[in-house]
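Computed from a predicted model, the values in this text were never measured in an experiment. Residue numbering restarts at 1 for every chain, and letters A, B, ... go by the order of the sequence lines.
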Amino acid sequence: MDKAYDPKNIEQPVYERWEKDGCFAPSGEGEPYCIMIPPPNVTGTLHMGHAFQLTVMDMLTRHARMCGRDTLWQPGMDHAGIATQMVVERQLNAEGLDRRDLGREAFVERVWKWKETSGGKICEQQRRIGASVDWSRTRFTMDDGLSEAVRKVFVDLYDEGLIYRGKRLVNWDPVLLTALSDLETLSEEEDGQLWHFRYPVLDDDGNHKEHLIVATTRPETMLGDTAVAVHPDDDRFKTLIGREIELPLVGRRIPIIADSYVDPEFGSGCVKITPAHDHNDYEVGQRHDLPLINILNDDASLNDSVPEPYRGLTREAARKQVVADMERDGFLERIDPHRLMVPRGDRSGAVVEPYLTDQWYVRIQPLADPAIAAVKDGRTRFVPENWSKTYFEWMNNIQDWCISRQLWWGHRIPAWFDEAGNVYVGYDEADARRRHQIGDDVALTQDNDVLDTWFSSALWPFSTLDWPEQTRELATYYPTTVLVTGFDIIFFWVARMMMMGLKFAGDVPFAEVYIHGLVRDESGQKMSKAKGNILDPIDIIDGIDLESLVRKRTASMMQPHLKDKIEKATRKQFPKGIPSFGTDAMRFTFASLATTGRDIRFDLGRVEGYRNFCNKIWNAARYVLMNTDGAAIRTDATPGVAERWIRTRFRATVEEVQRAFEAYRFDRAAQAIYEFVWHEYCDWYLELTKPTLRADDVGADAARQTLLEMLEATMRLAHPVMPFITDDLWRRTRSRLGADATGTVMDQPFPKAADYAEDVDAEHDVAWLKGVILGVRQIRGEMNIAPGKPLPVLLVNATEADRSRLHEHGTLLKELARLESVTLSEMDSAPPSATALHGVMQILVPMAGLIDPVAEAARLTKQIEKQRKELAKTHGKLGNDKFVSNAPADILAKEKARAADLESALTRLDQRLSAVNAML
RNA sequence: UGUCCGGUAGCUCAGCUGGAAGAGCGCCGCUCUCACACGGCGGAGGUCGCUGGUUCGAAUCCAGCCCGGACAACCA
């Protein structure tokens with residue numbers, strides 16, 4: 001065995017063996033347990049968020065599997081319509097091509113090719129992270145089966161009237177030339193201006209002496225104004241209601257209307273109404289039956305419904321021109337600086353236009369109601385629970401879902417048009433003809449649009465289980481056990497799976513939803529390519545040199561000017577690159593960071609700490625294996641106090657870890673494992689076995705047996721978190737126990753607390769040992785006595801229990817505390833000494849040239865101070881009549897005992913101090 | 001503006017069904033001792049955001065406020 005832990009040597013071979021041996025497939029026995037992977041986009045490679053999420057799912061999956069559940073972790077990927085199309089389009093652009101050059105069919109073929117490479121990379125990454133998914137069931141949202149499910153859902157919803165086609169204002173991305181759903185636009189506050197225009201009011205005789213002031217953030221839209229609105233109760237404008245305005249630059253006559261949407265307090269109290277280019281104005285337009293004048297082309301340039309001089313201008317150019325012309329004609333009142341929310345497409349970053357087009361919609365309310373009810377009555381439970389509020393908040397205000405996208409990559413909408421523009425929906429063209437009795441003589445063309453990616457994602461929990469086919473898998477694993485996902489897609493995905501699952505699979509898609517936070521960098525920044533702070537999980541596992549890291553972070557930047565800054569920051573933060581930490585260390589870090597908070601800051605320092613933890617385990621195993629080499633293991637040897645102690649500690653640890661898993665508290669599970677392995681098994685138990693093994697008597701057999709047993713069980717306990725190192729060490733240990741070691745720890749049973757006896761006596765005995773040893777160490781440490789120097793120790797004022805424990809465990813005590821001798825003594829006969837207290841017993845280390853009395857006096861004084869403060873607090877409580885009369889008896893007794901302990905300790909410390917002082 | 005989350009040691013975070021302030025990392029000493037220097041031993045470091053209230057007792061419960069964040073919505 002290597003002296004140091006090196007993950008490179010163990011991780012990949014272990015995974016290959018698992019996969020080859022088919023360890024990831026469901027056992028087919030036991031209570032079903034199923035997790036659907038949130039299918040990653042095939043756009044590129046996995047980031048830290050994916051790695052975190054995969055770790056969480058894998059921990060749950062491995063734990064469930066070891067607990068005997070029939071466990072399926074369903075893998076797959078998402079075609080990610082817009083995102084993937086953009087990636088491939090960018091590749092084409094780099095070759096000087098445009099997707100239109102290729103044509104739809106060739107382009108889609110090219111995307112499929114990209115999907116193969118990208119998808120392959122993603123699977124490879126998932127393997128490196130240790131994901132125990134059932135690869136044989138891998139699905140892709142555009143597989144034949146899943147596409148069939150999509151068509152069936154579309155047709156069924158259409159037949160029920162829950163899908164309709166409508167002309168409405170949509171969020172239009174003028175760069176990608178497609179409609180977006182509300183969720184796909186992100187609004188951010190930006191600096192802009194508020195232009196105040198004078199609109200002339202027409203007299204009865206057609207003149208205009210009066211005018212109104214309207215304010216707008218989008219001057220160019222005035223070319224599409226069809227009214228000006230005021231508040232009905234606004235006395236300033238009451239007389240103007242019903243009169244007309246002559247729209248400058250256009251000459252159109254538009255009415256002044258009254259609508260309570262107008263806020264009289266804001267701006268001038270008059271609002272220009274452009275129903276075709278603003279969502280609020282659209283509503284006003286509907287109420288007042290105003291005409292809709294669309295003034296834009298697809299790419300947001302101005303179309304022919306505006307006066308000639310503006311035609312063909314981009315919206316930005318048109319804005320400048322309109323403002324200039326208004327000023328020229330004396331219609332510009334003033335321009336104020338103004339901060340406003342600007343909606344941008346989440347993929348393109350382009351300012352989104354409210355744009356009047358024909359799109360397909362899902363009527364959502366009838367689907368939302370059951371989905372709300374399911375969470376309300378607990379059929380689906382959010383963890384942490386408060387996320388259900390976020391869910392309700394959105395579901396209660398949900399709008400119809402625009403599902404058509406003007407893209408080439410995705411599920412083409414199963415609808416056909418005849419030449420008159422009538423629409424026919426069906427599974428395919430033949431089906432559409434059959435359903436609507438359309439003869440072959442009528443030409444039909446399929447709708448060019450594809451469906452929103454999230455339409456197919458919404459079916460994922462049952463479409464991957466072969467729905468609409470009623471398979472055994474569907475019956476067994478649906479509803480799934482838990483969904484693990486980020487809060488950022490509760491609306492995009494969770495809510496829609498709920499709606500579709502209830503509608504089509506007849507039940508909720510999952511019993512629980514575990515919502516985790518976002519992985520941020522060490523300073524709390526969101527990780528993004530533009531910020532240059534992304535970390536590739538593989539680089540944490542394998543390590544990466546500085547130059548490669550810089551190259552990786554600055555390659556194919558969308559904004560090249562950030563390159564220098566990113567390079568500098570990277571060189572500063574990782575002067576030596578990133579060392580190899582291994583998967584287990586990374587996973588342990590994720591586990592320990594998985595608290596209930598909203599986002600998690602990823603700190604490489606912690607990965608290093610947990611890599612060290614792996615090394616600790618490795619070396620503990622080395623110790624165990626070295627000491628059990630060739631030894632016959634006797635299972636009947638009588639265990640010593642240390643053996644009984646470590647088993648009872650293990651029992652408590654198993655309880656804690658099990659509880660933590662059940663509550664999705666991976667941080668607690670990780671902490672319990674860390675604490676047990678390092679601070680109990682290694683720090684104390686291993687040390688306690690050393691004298692026993694040296695003595696090589698009967699006790700040594702029990703020690704060897706227990707060392708192995710505990711190591712073996714600990715590997716099972718830690719396996720869900722650290723699958724690789726535990727598998728490797730488990731097999732080495734298992735063979736020592738004389739059992740079959742050809743298997744893997746992953747199909748072994750998870751430890752059960754009940755298998756390990758609770759042993760209060762052992763706990764007390766070892767607590768005594770630790771207490772005395774710690775006392776000696778403290779004197780050693782603070783008096784700067786070499787750790788290896790054997791010390792004589794006197795025990796004064798020992799109780800019966802102290803004496804019997806000394807008799808029983810004196811050898812262990814001497815060895816671990818490195819004592820030359822331990823002697824019971826009376827205070828009177830004790831030489832000048834340094835002192836530590838353990839209960840009422842005093843531990844004395846004679847000074848005799850070793851210890852400086854001045855230093856010891858200072859040390860004692862400090863301790864006395866500390867204890868005095870504590871005692872004052874306790875006396876305060878006990879002196880309070882209300883406390884004494886109201887506090888429960890056990891608390892009161894505890895407080896009294898505490899006061900007594902402190903008092904006696906102080907007395908002793910004072911005695912020692914005066915003894916030391918007498919020497920000065 | 002609303003909803004939600006957070007404010008505990010230098011940093012990252014546990015603890016929050018109320019009864020003596022915790023971990024990891026970092027820091028300061030000592031130490032390469034026969035599993036491990038990716039180690040061992042010892043130590044320093046906190047008016048638990050602020051103000052009130054409930055209580056014998058509050059980091060923990062309640063109210064208000066301040067600060068930070070996320071998400072919704074929005075006034076042209």
Side-chain angles (χ1 to χ4, degrees), chain A residues 1 3-5 187 194-196 214-218 221 228-229 261-263 265-274 278 280-281 284 338 340-341 384 386-387 389-390 392-394 397 487-488 490-491 517-518 522-524 579 581 585 589 592-593 595-606 608-627 665 667-668 670-671 674-675 679 682-683 686-687 690 694 774 777-788 818 870 873-874 877 880-888 890-892 894-895 898 902:
Chain A
M1 241 177 125
K3 189 176 169 186
Y5 158 73
S187 289
L194 197 56
W195 285 268
H196 295 255
V214 296
T216 179
T217 52
R218 302 211 43 201
T221 62
V228 168
Y261 151 71
V262 179
D263 176 3
E265 304 296 317
F266 186 87
S268 62
C270 305
V271 187
K272 64 188 269 309
I273 301 295
T274 320
D278 181 281
N280 286 315
D281 292 8
V284 175
H338 184 68
L340 72 163
M341 296 295 275
N386 54 279
W387 284 109
K389 284 185 190 158
T390 306
F392 289 134
E393 182 90 356
W394 189 68
N397 297 295
F487 61 82
D488 49 332
I490 290 178
F491 307 147
L518 230 57
E522 64 291 331
S523 54
F581 293 120
T589 308
S592 69
L593 291 174
T595 58
T596 50
R598 211 161 253 213
D599 41 11
I600 64 173
R601 294 193 184 197
F602 193 80
D603 180 5
L604 270 180
R606 284 189 80 148
E608 187 179 350
Y610 295 130
R611 190 270 321 262
N612 296 351
F613 179 53
C614 291
N615 188 55
K616 190 74 178 177
I617 298 176
W618 183 262
N619 276 288
R622 227 157 58 86
Y623 170 84
V624 173
L625 296 172
M626 279 164 66
N627 281 292
R665 287 301 302 267
D667 58 325
R668 287 184 179 166
Q671 206 187 343
Y674 188 97
E675 174 70 24
H679 298 305
C682 291
D683 283 355
L686 255 53
E687 295 306 320
K690 284 177 183 175
R694 264 196 297 272
L774 253 26
R777 278 185 190 164
Q778 198 175 33
I779 293 171
R780 223 188 254 278
E782 291 186 39
M783 293 297 117
N784 277 342
I785 300 168
R818 311 233 167 187
E870 289 299 313
K873 259 206 245 172
T874 308
K877 278 193 189 177
N880 183 343
D881 289 343
K882 287 180 178 170
F883 173 75
V884 176
S885 49
N886 286 319
D890 56 324
I891 299 293
L892 190 62
K894 233 166 103 183
E895 212 56 40
R898 182 173 151 71
L902 283 166

- Item | Rounded distance (Å) that lies between atom P of B:C25 and atom CZ of A:R611 | 12 Å

- Task: Quote, to the nearest angstrom, the C1' distance that separates B:G18 from B:G29.
- Result: 39 Å

- Note: A:A620 and A:C682 closest approach over all heavy atoms is CB-SG, 3.7 Å

- Task: Kindly point out which of B:U33, B:U12, B:A70 is positioned nearest to the side chain of A:R818?
- Result: B:U33

- Given that both distances must come in under 3.5 Å, which nucleotide forms a Watson-Crick or G-U wobble pair with B:G19? B:C56

- Note on the structure: Of the listed B:A35, B:A21, B:C56, the closest approach to the A:K882 side chain comes from B:C56

- Sorted by position of nearest nucleotide on RNA chain B, 5' first, the leading residue of A:Y5 and A:G605 is A:G605

- Task: Examine the base of B:C36 for any acceptor or donor lying under 3.5 Å from a partner atom in the side chain of A:R622, and report the outcome as yes or no.
- Result: no

- Task: With C1' as the reference atom in both, quote the distance from B:G26 to B:G10 in angstrom, rounded to an integer.
- Result: 7 Å

- Task: Establish, with yes or no, whether the OP1 or OP2 oxygen of B:A37 is under 4.0 angstrom from a side-chain nitrogen or oxygen of A:K3.
- Result: yes

- Using atom CZ of A:F602 as one end and atom P of B:G24 as the other, report the distance to the nearest whole Å. 19 Å

- Item | Pairwise C1' distance for B:C34 and B:G40, with rounding to whole Å | 14 Å

- Item | Partner nucleotide of B:C41 by Watson-Crick or wobble geometry (both distances under 3.5 Å) | B:G29

- Query: Expressed as a whole number of Å, how far does the P atom of B:C16 sit from that of B:G49?
  - Reply: 16 Å

- Message: To the closest 0.5 Å, what do you measure between CZ (A:F883) and CG (A:L892)?
- Response: 5.5 Å

- Query: Just checking A:L686: base, sugar-phosphate only, or nothing, at a heavy-atom cut-off of under 4.0 Å?
  - Reply: base

- Task: Determine the interatomic distance between C1' on B:G22 and the same-named atom on B:G15; round to the nearest Å.
- Result: 7 Å

- Message: For a quick test of reading the model, state the closest non-hydrogen atom pair linking A:I490 to A:W387 and the distance between them.
- Response: CD1-CE3, 3.6 Å

- Message: Expressed as a whole number of angstroms, how long is the span from A:F581:CZ to B:C25:P?
- Response: 13 Å

- Task: Quick one: sort the A:W394 and A:F491 rings into parallel, tilted or perpendicular, breaks at 30° and 60°.
- Result: parallel

- Note on the structure: Assert: residue with more 5' nearest nucleotide on RNA chain B, out of A:L340 and A:R694, is A:R694

- Check whether the side chain of A:K389 and the base of B:C4 form a donor-acceptor pair under 3.5 Å. no

- Task: Among B:A76, B:C13, B:C56, find the nucleotide with the atom closest to the side chain of A:T595.
- Result: B:C13

- Message: Students often mix this up, so state it plainly: with edges at 30° and 60°, are the rings of A:Y674 and A:Y610 parallel, tilted or perpendicular?
- Response: perpendicular

- Would you classify A:R606 as touching base, sugar-phosphate or nothing, given that sugar-phosphate means primed atoms plus P, OP1 and OP2, and contacts are heavy atoms under 4.0 Å? base

- Can you tell me how far C1' in B:A37 sits from the matching atom in B:G19, rounded to whole Å? 42 Å

- Looking only at B:C30, B:G39, B:A76, the nucleotide nearest the A:D263 side chain is B:A76

- Note on the structure: Closest heavy-atom pair, A:R606 versus A:L593, reported as atoms and distance to 0.1 Å, is NH1-CD2, 3.8 Å

- Note on the structure: Across every strand shown, the nucleotide meeting Watson-Crick or G-U wobble geometry with B:A76 (both distances under 3.5 Å) is none

- Rounding to a whole Å, what distance do you find between A:F613:CZ and B:C38:C1'? 13 Å

- Rounded to the nearest 0.5 Å, how far apart are CD1 of A:I600 and CG of A:L518? 9.0 Å

- Can you tell me, in whole Å, how much space there is between the C1' of B:C27 and that of B:C4? 37 Å

- Query: Separation of A:M1 atom CE from B:A35 atom P, in whole Å?
  - Reply: 14 Å

- Item | Options B:G19, B:U12, B:C25, nucleotide nearest the side-chain atoms of A:Y674 | B:C25

- Task: Could you state the atom-to-atom distance from CZ of A:R777 to P of B:U33 in whole Å?
- Result: 17 Å

- Item | Interatomic distance at C1', B:G2 relative to B:U12, whole Å | 31 Å

- Euclidean distance, atom CG of residue A:D683 to atom P of B:G40 [Å, nearest integer]: 6 Å

- Query: Given B:C74, B:G15, B:A35, which nucleotide is nearest the side-chain atoms of A:K616?
  - Reply: B:A35

- Query: Can you check the A:I600 CD1 to B:C5 P distance for me, whole Å?
  - Reply: 19 Å

- Touch class at under 4.0 angstrom, heavy-atom based, for A:Y610 against every strand present: nothing

- Item | Interatomic spacing from CG in A:D599 to CG in A:D488 - rounded to 0.5 Å | 11.0 Å

- Message: For B:C71, give the paired nucleotide (Watson-Crick: N1-N3 plus N6-O4 or O6-N4; G-U: N1-O2 and O6-N3; both under 3.5 Å), or none.
- Response: B:G2

